[in-house]
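Read the numbers this way: they start at 1 and go in the same order the structure lists the ligands and their atoms.
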Amino acid sequence: MRVGLVGWRGMVGSVLMTRMVEESDFGHFEARFFSTSNAGAMLPTSLVGLPKVEPRLYDAHDLSALQECDVVLTCQGSDYTKEVYEPLRQAGWSGYWIDAAKTLRMRDDAVVVLDPVNQPVIDQALNKGIKNFIGGNCTVSCMLMAVGALYKAGLVEFMTATTYQAASGGGAQHMRELLSQMGTLNASVRQLLDDPASAILEIDRQVLATQQSLSAEQTQHFLVPLAGSLIPWIDADRGDGTSLEEWKGGAETNKILGRGPGFNQPAIPIDSICVRIGAMRCHSQSLMFKLNKNVPLKDIEQMIAEDNPWVRLIANTKEDSIQELTPVKVTGSLNIAVGRLRKLAMGEQYLGAFTIGDQLLWGAAEPLRRMLRILMR
Ligand code: NAP
């Protein structure tokens with residue numbers, strides 16, 4: 001098999017490359033790298049020595065070079081998928097398309113992949129000849145890796161989430177913008193910070209003045225300041241009071257579970273408020289469930305802990321929560337931390353939880369590389 005890799009130097013793509021090297025994925029197929037900005041250049045030295053890798057970058061818009069691939073795996077983004085996918089299929093290409101972008105996720109001829117949760121759905125799709133395997137929304141995938149056990153056991157009547165999503169969820173440029181803003185804020189009060197006798201309200205006033213006067217260039221990607229602030233809206237405005245990110249939470253979760261339109265099972269109501277915060281990596285989520293029966297907390301803990309090898313159940317204590325249940329702790333790891341589990345004041349069927357996953361790993365790169373390996377079986 002020849003695999004075409006597109007978008008390998010972005011946020012998701014670079015994490016994917018690291019994981020593929022760690023898992024010795026290269027060598028199981030011939031790899032051809034594509035670029036939208038640097039076609040013809042040599043591969044970076046970090047990738048040149050990999051087995052069965054073509055040394056030069058191909059143009060990611062060159063349909064004939066893409067057609068020579070049995071699989072195209074893209075982390076380039078939805079604009080690229082919109083531009084290239086249909087023309088490639090219309091040109092007669094019948095290979096496998098594996099994608100991190102949202103563009104194709106809800107199509108009938110596409111499966112949202114998260115194999116520890118929906119391997120049977122993937123197997124059925126492969127048997128039916130489906131060729132499009134799309135990674136889910138990062139927040140959805142991390143949530144299902146954390147508490148999928150409750151859904152699999154048919155216990156969830158409804159779920160609400162408030163998310164705390166990292167800057168890197170927007171991509172490489174967004175992460176740089178957050179850090180630049182942090183540096184600008186710090187520089188604006190450096191002298192006052194160095195003086196232990198300076199007035200904290202003066203520091204606060206100057207930071208706010210700097211935040212409010214950041215230029216259009218300094219807020220090019222997030223549109224408003226993120227450093228020292230938050231943004232309670234992620235992705236497009238659907239015009240009905242919800243963001244696209246919030247809509248994905250319900251629609252994609254149900255599609256991954258094989259529920260809702262097109263399936264025989266009714267959708268489970270899932271709703272959320274999605275918030276961008278100034279974390280570097282990891283999407284955190286505060287979850288509230290109504291269960292359809294009263295299940296003892298210790299049984300719930302056991303189900304969650306035993307659901308898959310990556311879940312880490314964190315004891316609901318202050319010490320464990322501040323040490324183990326933070327983006328700083330979870331970043332860079334495939335572990336999915338689940339903590340703050342407790343029954344809520346509304347009644348014994350109401351459950352609260354807090355979960356954190358590295359959205360670049362289980363939320364993006366990992367399901368894609370695992371799908372590639374499933375195709376190689
Ligand atoms: P990204 O970091 O913006 O990378 C996308 C492309 O931008 C790269 O492949 C690269 O293409 C180009 N690029 C331009 N300037 C760059 C720079 N300074 N550094 C690196 N790349 C640069 O986007 P992403 O976050 O990886 O997202 C890719 C897709 O995955 C999107 O559809 C996104 O919605 C989805 N996704 C993202 C996440 C996440 O947490 N970020 C999670 C799940 C899904 P060339 O090399 O061709 O120039």
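For the residues H61, M11, Q173, H174, the heavy atom positioned nearest atom 15 (N) of ligand 1 is part of Q173. Considering V12, L57, N38, I134 only, the shortest heavy-atom separation from atom 26 (O) of ligand 1 involves V12. Among G77, C138, A167, the residue whose heavy atom lies closest to atom 32 (O) of ligand 1 is G77.
For the residue pair N316 / R342, no side-chain donor-acceptor distance below 3.5 Å is found, with atom types taken as modelled. Remark: the R105 side chain and the N132 side chain contain no N/O donor-acceptor pair separated by less than 3.5 Å. Under 3.5 Å, the side chains of S180 and Q218 contain no donor-acceptor pair of N or O atoms. Defined by atom type and a distance below 3.5 Å, a donor-acceptor pair is missing between the side-chain atoms of T184 and N186. The closest side-chain donor-acceptor pair between D123 and Q119 falls under 3.5 angstrom. In this structure, a donor-acceptor pair under 3.5 Å is present between the side chains of Q165 and E245.
The protein heavy atom nearest to atom 19 (N) of ligand 1 is A172 CB, 3.7 Å. Nearest protein heavy-atom contact of atom 10 (C) of ligand 1 is R9 NE, 3.8 Å. When only non-hydrogen protein atoms are considered, atom 33 (C) of ligand 1 lies nearest to A100 O, 4.7 Å. What sits closest to atom 25 (O) of ligand 1 on the protein, heavy atoms only, is G171 CA, 3.1 Å. Of the protein's heavy atoms, C75 O, 3.7 Å lies nearest to atom 29 (C) of ligand 1. Counting only heavy atoms of the protein, atom 41 (N) of ligand 1 lies nearest to S168 O, 2.9 Å. Considering only non-hydrogen protein atoms, atom 4 (O) of ligand 1 sits nearest to G10 CA, 3.2 Å. Given atom 9 (O) of ligand 1, the protein heavy atom at minimum distance is Q76 OE1, 2.9 Å.
Residue W8 has no N or O atom closer than 3.5 Å to an N or O atom of ligand 1. Residue T36 has at least one nitrogen or oxygen atom sitting less than 3.5 Å from a nitrogen or oxygen atom of ligand 1, judged on distance alone. Here's the thing with H283: none of its N/O atoms is less than 3.5 angstrom from an N/O atom of ligand 1.
Contacts with ligand 1 closer than 4.0 Å are made by no heavy atom of A60, backbone or side chain. At a heavy-atom cutoff of 4.0 Å, ligand 1 is contacted by the backbone of S78 but not by its side chain.
The aromatic rings of Y96 and F133 sit tilted, their planes meeting at an angle between 30° and 60°. Using a 30° and 60° split on the angle between ring planes, F33 and F26 fall in the parallel class, below 30°.
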